[in-house]
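Working notes, structure below.
Note that the structure is predicted; figures quoted are calculated from it, not measured.
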Amino acid sequence: MATQAAPAGNTSRPSVIQLSIKEKPALYAAFIPFFPEGGIFIPTTREYRLGDDVYLLLTVMDNPQRYPVAGKVAWITPPNAGGNKTQGIGVRFPADEKAKQLRQAIEEILGPLGEGAARPTHTL
C-alpha cells in the first residue's frame, strides 16, 4: 500500500513519505475524518513523536495528481497495539487550501462517511 522514502538524518527536517492508496477500502481505513482538516494514517515502523513534521506526497486511487501535504504527526499506533492494529502514524492535514481540496477529493471518493461506519479503520 505504501512506499516510504528514506528518513532524513537530521531530526529538525521533516520526514518525506510517499503514499499511494489505490483501493477504496484502503482509503476508508486510512482516512482520519475526526481531525478538523482531515488526516491520513501511514503504516510505518519508524519511530515518531506527536507533533513531528511530516511531508507527505499522497496519490489517491486513479487520480494522477500527487497531493503534497506538510502535516504533523497527531496519532501514533505503537507496535503490538491491541485489536490487531497496524503500526504507524496519523498525519493531520494543515489548515490550508490544498489540504481542503484533498479532504474534499477523499470524501467524494468515500461518499457519506456514515456508510460503513461500523467497519474498522487504522485509527478509531
Query - Q65 atom CD, over 12 foreign heavy atoms within 6.0 Å - result: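 Result for CD/Q65: enclosed.
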
Report task. Among residues two or more places apart or on two chains, list those pairs meeting salt bridge (charged side-chain N to carboxylate O under 4.0 Å, His left out) that have a residue in residues 65-79. Result ->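 Sorted pair list: D53-K72.
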
Requested in this report: State which residues pass side chain to side chain contact (heavy atoms under 4.5 Å, CB included) with E108; sequence neighbours excluded, sorted by chain then number.
Outcome: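 By the side chain to side chain contact (heavy atoms under 4.5 Å, CB included) rule, E108 matches no residue at all.
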
Query raised in the report: Of all residues at least two apart in sequence or in a different chain, which pass the side chain to side chain contact (heavy atoms under 4.5 Å, CB included) check with Q87?
Result: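 In terms of side chain to side chain contact (heavy atoms under 4.5 Å, CB included), with neighbours along the sequence ignored, Q87 is linked to T45, P79.
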
Report task. Quick one: closest heavy-atom pair of V69 and P94, and the distance? Result ->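 For V69 versus P94, the nearest heavy atoms are CG1-CD, 3.6 Å.
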
Requested in this report: Please name the pair of heavy atoms, one in I32 and one in V91, separated by the smallest distance, quoted to 0.1 Å.
Outcome: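 Reported closest heavy-atom pair: CD1-N, 4.5 Å.
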
Query raised in the report: Partners of Y55 by side chain to side chain donor-acceptor pair (under 3.5 Å), sequence neighbours excluded?
Result: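 Y55: no side chain to side chain donor-acceptor pair (under 3.5 Å) contacts found.
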
Query raised in the report: Please, which pairs that meet side chain to side chain donor-acceptor pair (under 3.5 Å) have at least one residue in residues 88-102, sequence neighbours excluded?
Result: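 Sorted pair list comes back empty.
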
How many angstroms lie between [atom1] in [X] and [atom2] in [Y], if you round to the nearest 0.5 Å?
{"X": "F31", "Y": "F41", "atom1": "CZ", "atom2": "CZ", "result": "15.0 Å"}
{"X": "I42", "Y": "Y48", "atom1": "CD1", "atom2": "OH", "result": "7.0 Å"}
{"X": "R103", "Y": "I40", "atom1": "CZ", "atom2": "CD1", "result": "11.0 Å"}
{"X": "T59", "Y": "I21", "atom1": "OG1", "atom2": "CD1", "result": "9.5 Å"}
{"X": "L58", "Y": "F93", "atom1": "CG", "atom2": "CZ", "result": "6.0 Å"}

Query raised in the report: Could you walk me through whether M61 and K24 pass the side chain to side chain contact (heavy atoms under 4.5 Å, CB included) check?
Result: CA-CA 7 Å; M61 307 292 283; K24 191 172 178 178; 4.0 Å; yes

Query - D62, N63, L27 screened by side-chain contact (heavy atoms from CB on, under 4.5 Å) with I109, the one that passes - result: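 Exactly one pass, corresponding to L27.
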
Query - Heavy-atom side-chain contact between T77 and T86 under 4.5 Å - result: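 Not touching, per the 4.5 Å side-chain cut-off.
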
